[in-house]
K.L.:
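First the structure, which I've put down as structure tokens, then a few questions once you've had a look.
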Protein chains: 2
Amino acid sequence: MSEIESFFKSAFSVDNVIFGFDGSDLKVLLIQRGAAPFKDKWALPGDLVYPNENLDTAAERVLEQLTGLRGVYLEQVKAFGAVNRHPLGRVITIAYYSLIKISDYVVTPASFAQSASWHSIAQVGELAFDHNEILDTCLRRLKHKVRMTPVGFELLPPKFTLTELQQLYESILDEKLDKRNFRKKILSMNLLLDLKELQEGVAHRPAKLYQFDRANYEQFVAEGFSFDL
Amino acid sequence: MSEIESFFKSAFSVDNVIFGFDGSDLKVLLIQRGAAPFKDKWALPGDLVYPNENLDTAAERVLEQLTGLRGVYLEQVKAFGAVNRHPLGRVITIAYYSLIKISDYVVTPASFAQSASWHSIAQVGELAFDHNEILDTCLRRLKHKVRMTPVGFELLPPKFTLTELQQLYESILDEKLDKRNFRKKILSMNLLLDLKELQEGVAHRPAKLYQFDRANYEQFVAEGFSFDL
DNA sequence: CAGACTTATTGTGAAATACACACCAATTTA
DNA sequence: TAAATTGGTGTGTATTTCACAATAAGTCTG
């Protein structure tokens, strides 16, 4: 305990806000705390940083330990360091966020998290620590990000329809977009490859399938193009 | 010394990137370190955070102690936490930045900084620690910020000309702007009060003087207007 | 005081973009 | 074959962007 006490005199942690898309809703990955403080409360997956560990590395490690998620690209947002944000001592935390395709990953909570699961953004209740504030900040950052870079495309199946893409943006941005204008804008960017295939198994006119044209995108970026939705 | 050693096992600091405008150039406030490590090197004004001190407070305090600057509004950018960024131990640092009018402040270096002075951005050499990286990150953030909010207006005298305003933006953004388009855009925002006064003491046609219309700006913001240069 | 000098100020046309909006097309299923 | 459902597309208007150059209002010099 004394070791813990001294560690807590001045410690830092990382907290991860993992946004996920399941085909229709924007969600966030939360764990239910298995120990005090805030036992049984939902919280962001986070933990202390080892003394000899880089912050980015720690964020990845902690995420994997708590939720089983490996190889997730995380981006730092900022530090949260209010004196009393942690009831046991002075801990500042560095917030990271990411956006992943839920179906690409299997969530397997660590023993010291009772459970880890996806929660719709709109239905997130009161979280442990200052995690609601962290979540809000990261959500704002995410919305900004998806407008500026085509991250969204990664969240869909390799072949997707324009309607699916639009729904994705609508659920992340939490606003309705005009169908015609959305399609016009996206198609005019030349980032989509028309696969000349049609959707199957739907009880209505099938939609065309597209694929994100990564090579083109990278070339455009190199030439100074900027995605802007 | 043992107290310092234990503190350094896991400490956090703040570093401040104070941008200043002197009427023509964008500068940054640096101190020359008076002690090891990096003795005599130029560095950002920063220091450790007290255990019972909020990060934002620490940033203000450290800035004041090192440079004499009081009441500067600072905004957090992000944390820098590479394991070996500090030669004496594990110290992560939280970077803050600000943008001030140089003539509003008197810089008085603390005894343990040999000196504190303004350096043109373009002429900043190799700094202590990872401070070049921090500076670069903050500069990018600043450029983004001045395009999105009318912070720039604060840096000019209460009465200024459009040319002065344009020069300010050009030196912060480090790019040339078209005169007519700049004026049209700025004036169309209705953020400037035409003072019906003319510049004096210049050997050419005197320019009209303007004043930033803060009340108007705040009302526009409340109505959902967004500054965008 | 005239002419040179320096910077301030202003407007226009073309092009691109944003936006609102409504109808026909292709498929399934009853 | 008709209804239901979603996919797909085009046009006109308003707004914004951008590039661009001539005149105006002072000071300075001889």
Side-chain angles (χ1 to χ4, degrees), chain A residues 23-24 143 146-148 150 152-153 156-157 159-171 173 175-212 220 223-229, chain B residues 23-24 146-148 150 153 156-157 159-171 173 175-212 220 223-229:
Chain A
S24 68
K143 288 183 184 179
V146 296
R147 284 184 176 279
M148 306 303 284
F153 297 71
L156 294 171
K159 303 176 177 188
F160 53 86
T161 70
L162 289 178
T163 303
E164 285 169 340
L165 185 62
Q166 181 173 347
Q167 280 164 353
L168 180 147
Y169 276 98
E170 287 179 345
S171 61
L173 296 174
E175 64 181 290
K176 207 114 181 77
L177 304 173
D178 179 85
K179 180 158 61 156
R180 276 164 294 193
N181 294 334
F182 179 82
R183 298 165 93 90
K184 221 178 307 177
K185 200 160 191 173
I186 290 287
L187 288 174
S188 74
M189 289 179 182
N190 284 109
L191 293 177
L192 293 185
L193 220 55
D194 184 344
L195 291 171
K196 311 281 186 201
E197 289 177 57
L198 296 181
Q199 215 178 9
E200 282 175 18
V202 287
H204 55 76
R205 172 173 177 178
K208 285 197 215 166
L209 292 172
Y210 292 88
Q211 180 182 288
F212 179 55
F220 289 162
E223 289 166 2
F225 147 98
S226 107
F227 184 85
D228 192 357
L229 197 66
Chain B
S24 68
V146 295
R147 283 183 176 281
M148 307 303 284
F153 298 71
L156 294 170
K159 305 175 178 189
F160 54 85
T161 70
L162 288 178
T163 302
E164 285 169 341
L165 185 62
Q166 180 173 351
Q167 279 164 353
L168 180 149
Y169 276 98
E170 287 179 343
S171 62
L173 296 174
E175 64 181 288
K176 206 112 181 78
L177 304 173
D178 179 85
K179 197 202 301 208
R180 275 166 293 192
N181 295 333
F182 178 83
R183 299 165 90 92
K184 222 179 307 177
K185 201 162 193 172
I186 290 286
L187 288 174
S188 73
M189 290 180 183
N190 283 110
L191 293 176
L192 293 185
L193 219 56
D194 183 343
L195 290 171
K196 312 285 185 197
E197 289 178 58
L198 296 181
Q199 215 178 9
E200 281 176 17
V202 287
H204 55 76
R205 172 172 176 176
K208 285 198 216 168
L209 292 172
Y210 293 88
Q211 180 182 290
F212 180 54
F220 289 162
E223 290 165 1
F225 148 97
S226 105
F227 184 86
D228 191 357
L229 197 67

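What you are looking at is a predicted structure, and each value in this text was computed from that prediction instead of being measured.
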K.L.:
Can you measure B:Lys176 atom NZ to D:dA19 atom C1' for me and round it to whole angstrom units?
P.N.:
15 Å
K.L.:
Whole angstroms only, please: what is the CZ-P distance between B:Phe182 and D:dA19?
P.N.:
16 Å
K.L.:
Atom OH of A:Tyr210 and atom P of D:dG7: how far apart are they, to the nearest Å?
P.N.:
12 Å
K.L.:
Would you call the rings of A:Phe153 and A:Phe212 parallel, tilted or perpendicular if under 30° counts as parallel and over 60° as perpendicular?
P.N.:
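If you compare the ring of A:Phe153 with that of A:Phe212, the planes turn out tilted.
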K.L.:
Rounded to the nearest 0.5 Å, what's the gap from OG1 on B:Thr163 to CZ on B:Phe182? Could you check?
P.N.:
9.0 Å
K.L.:
Using whole Å, report how far NZ of A:Lys185 lies from C1' of D:dG10.
P.N.:
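Rounded to whole Å, this separation is 18 Å.
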K.L.:
Between atom CG of B:Leu209 and atom CD of B:Glu164, what is the distance when rounded to the nearest 0.5 Å?
P.N.:
7.5 Å
K.L.:
Residues in side chain to side chain donor-acceptor pair (under 3.5 Å) with A:Gln199, at least two apart?
P.N.:
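With neighbours one apart ignored, the set is empty.
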K.L.:
Rounded to the nearest 0.5 Å, what separates atom CD in A:Gln211 from atom CG in A:Leu191?
P.N.:
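Those atoms lie 12.5 Å apart.
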K.L.:
Taking side chain as C-beta onward, heavy atoms only, is A:Leu187 less than 4.5 Å from A:Leu162?
P.N.:
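They are in contact (side-chain heavy atoms under 4.5 Å apart), so the answer is yes.
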K.L.:
Would you give the length of the straight line joining atom NZ of B:Lys179 to atom NZ of B:Lys184, rounded to the nearest 0.5 angstrom?
P.N.:
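With rounding to 0.5 Å, NZ (B:Lys179) is 13.5 Å from NZ (B:Lys184).
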K.L.:
Kindly state each residue pair satisfying salt bridge (Lys or Arg N to Asp or Glu O under 4.0 Å) with at least one member in residues 187-212 of chain A, sequence neighbours excluded.
P.N.:
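Applying salt bridge (Lys or Arg N to Asp or Glu O under 4.0 Å) to every pair that reaches into residues 187-212 of chain A, excluding sequence neighbours, yields A:Lys159-A:Glu197, A:Asp194-A:Lys208.
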K.L.:
Quickly work out the A:Lys184 NZ to D:dG7 C1' distance and round it to whole Å.
P.N.:
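Between C1' of D:dG7 and NZ of A:Lys184: 16 Å.
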K.L.:
Quick one, give me the B/S/- string for nucleotides 21-30 of chain D, reading 5' to 3', where B means a protein heavy atom under 4.0 Å from the base and S means that only happens at the primed atoms, P, OP1 or OP2.
P.N.:
B--BBBSS--
K.L.:
Given the rule that a pair is Watson-Crick or G-U wobble with both distances under 3.5 Å, how would you write DNA chain D in dot-bracket, using | for pairs to a different strand?
P.N.:
||||||||||||||||||||||||||||||
K.L.:
Do A:Asp228 and A:Met148 have side chains that get closer than 4.5 Å, going by heavy atoms?
P.N.:
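Result yes, sub-4.5 Å side-chain heavy-atom pair found.
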K.L.:
Go through DNA chain C in 5' to 3' direction and return only the first and the last nucleotide with some atom under 4.0 Å of chain B's heavy atoms.
P.N.:
C:dT6 to C:dT12
K.L.:
How long is the line joining CG of A:Leu165 and P of D:dG7, in whole Å?
P.N.:
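After rounding, the reported distance stands at 13 Å.
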K.L.:
Map A:Gln199 and A:Asp178 onto DNA chain D by nearest heavy atom, then report which one ends up closer to the 5' terminus.
P.N.:
A:Gln199
K.L.:
Please identify each residue that fulfils ring-ring contact (aromatic ring centres under 6.0 Å, His included) with B:Phe160, with sequence neighbours left out.
P.N.:
none
K.L.:
As an exercise, state the distance from CE of B:Met189 to CG of B:Leu229, rounded to the nearest 0.5 Å.
P.N.:
6.0 Å
K.L.:
Would you indicate what A:Thr163 reaches in the nucleic acid, counting non-hydrogen atoms under 4.0 angstrom: base, sugar-phosphate, or nothing?
P.N.:
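The residue A:Thr163 makes sugar-phosphate contact but no base contact.
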